[in-house]
Amino acid sequence: GENVEQHPSTLSVQEGDSAVIKCTYSDSASNYFPWYKQELGKRPQLIIDIRSNVGEKKDQRIAVTLNKTAKHFSLHITETQPEDSAVYFCAARLMDSSYKLIFGSGTRLLVRP
Amino acid sequence: EAGVAQSPRYKIIEKRQSVAFWCNPISGHATLYWYQQILGQGPKLLIQFQNNGVVDDSQLPKDRFSAERLKGVDSTLKIQPAKLEDSAVYLCASSLDPGVLNEQFFGPGTRLTVL
């Protein structure tokens with residue numbers, strides 16, 4: 001079946017450094033790629049998303065890039081802060097009748113003060 | 001606006017017992033999702049409703065799991081009988097219409113522990 005692979009599973013960076021999380025997807029027809037942040041014990045929340053008609057999107061310190069040819073997309077966080085520590089999930093939307101999201105396995109980001 | 005509500009927040013049961021979870025989506029959201037999130041993994045879709053009809057339940061273990069959304073608003077997810085491997089957080093989410101790239105909003109989840 002369709003799947004989304006996410007790497008790395010854990011990432012530790014020094015405050016102020018950049019963090020990059022990468023995902024690959026299998027459904028070449030996918031056209032929507034959201035990123036969710038889940039803090040410990042809390043619900044996943046959308047932080048940024050990208051549609052297949054653009055290659056990059058930025059929102060302050062976070063950005064997402066998409067390479068449709070290679071079927072991969074990445075989350076970039078610059079000037080990391082301790083409050084960025086959380087689990088980040090990428091997802092890809094299937095282009096069947098359900099339009100359901102397939103989630104990656106998550107990346108636990110730790111920002112060291 | 002009010003978010004997605006779920007109850008209970010925590011549940012501990014013994015294997016072979018039954019359990020039910022409740023979800024109230026954001027008002028006006030036609031699409032409702034139930035996800036299972038096992039520790040250390042991403043959310044896995046169990047069932048998706050559009051109003052009160054099932055759109056996708058391909059990953060729902062139908063021998064023990066059931067879900068309904070009778071009036072197209074609230075939904076319940078039931079497990080009977082529970083197994084140890086059902087221990088997970090069960091997340092409910094809702095969106096306006098997945099076909100137009102609307103955001104999915106998640107509830108706080110129900111953490112189920114099966115002993």
Please classify the contact of Pro34(A) with chain B as side chain, backbone, both or neither, using a heavy-atom distance under 4.5 Å.
neither

Heavy-atom cut-off 4.5 Å, strictly under: side chain, backbone, both or neither for Gln38(A) against chain B?
side chain

Within the supplied structure, the quantity of interest is the number of heavy atoms (other residues, nucleotides, ligands) at a distance under 6.0 Å from [X] [atom1]; does it exceed 12?
X	atom1	answer
Leu84(B)	CG	yes
Lys68(A)	NZ	yes
Glu85(B)	CD	yes
Lys71(B)	NZ	no
Glu14(B)	CD	no

Search all heavy atoms of [X] against all heavy atoms of [Y] and return the closest pair with its distance.
X	Y	result
Tyr36(A)	Glu103(B)	OH-CG, 4.3 Å
Gly42(B)	Phe89(A)	CA-CE2, 3.2 Å
Gly107(B)	Arg43(A)	O-CB, 3.1 Å
Lys100(A)	Ser58(B)	NZ-OG, 3.4 Å

Nearest 0.5 Å, what's the CZ-CG distance between Phe105(B) and Leu46(A)?
8.0 Å

Should Phe21(B) and Phe106(B) be regarded as members of a common hydrophobic cluster, given that ILVMFWY residues are connected when their side-chain heavy atoms come within less than 4.5 Å of each other, either directly or indirectly?
no

Going only through I, L, V, M, F, W and Y residues with side-chain contacts under 4.5 Å, is there a path from Tyr35(B) to Leu46(B)?
no

Please determine, among Asp56(B), Leu45(B), Val55(B), the option with the most heavy-atom pairs under 4.5 Å with chain A.
Asp56(B)

Look at Ile102(A), Asp96(A), Leu101(A) and state which one has the largest set of heavy-atom pairs under 4.5 Å with chain B.
Leu101(A)

Can you find a heavy atom in the side chain of Ser98(A) that is under 4.5 Å from one in the side chain of Gln48(B)?
yes

Which answer fits Gln37(B), side chain, backbone, both or neither, if we ask what part of it has an atom under 4.5 Å from a heavy atom of chain A?
side chain

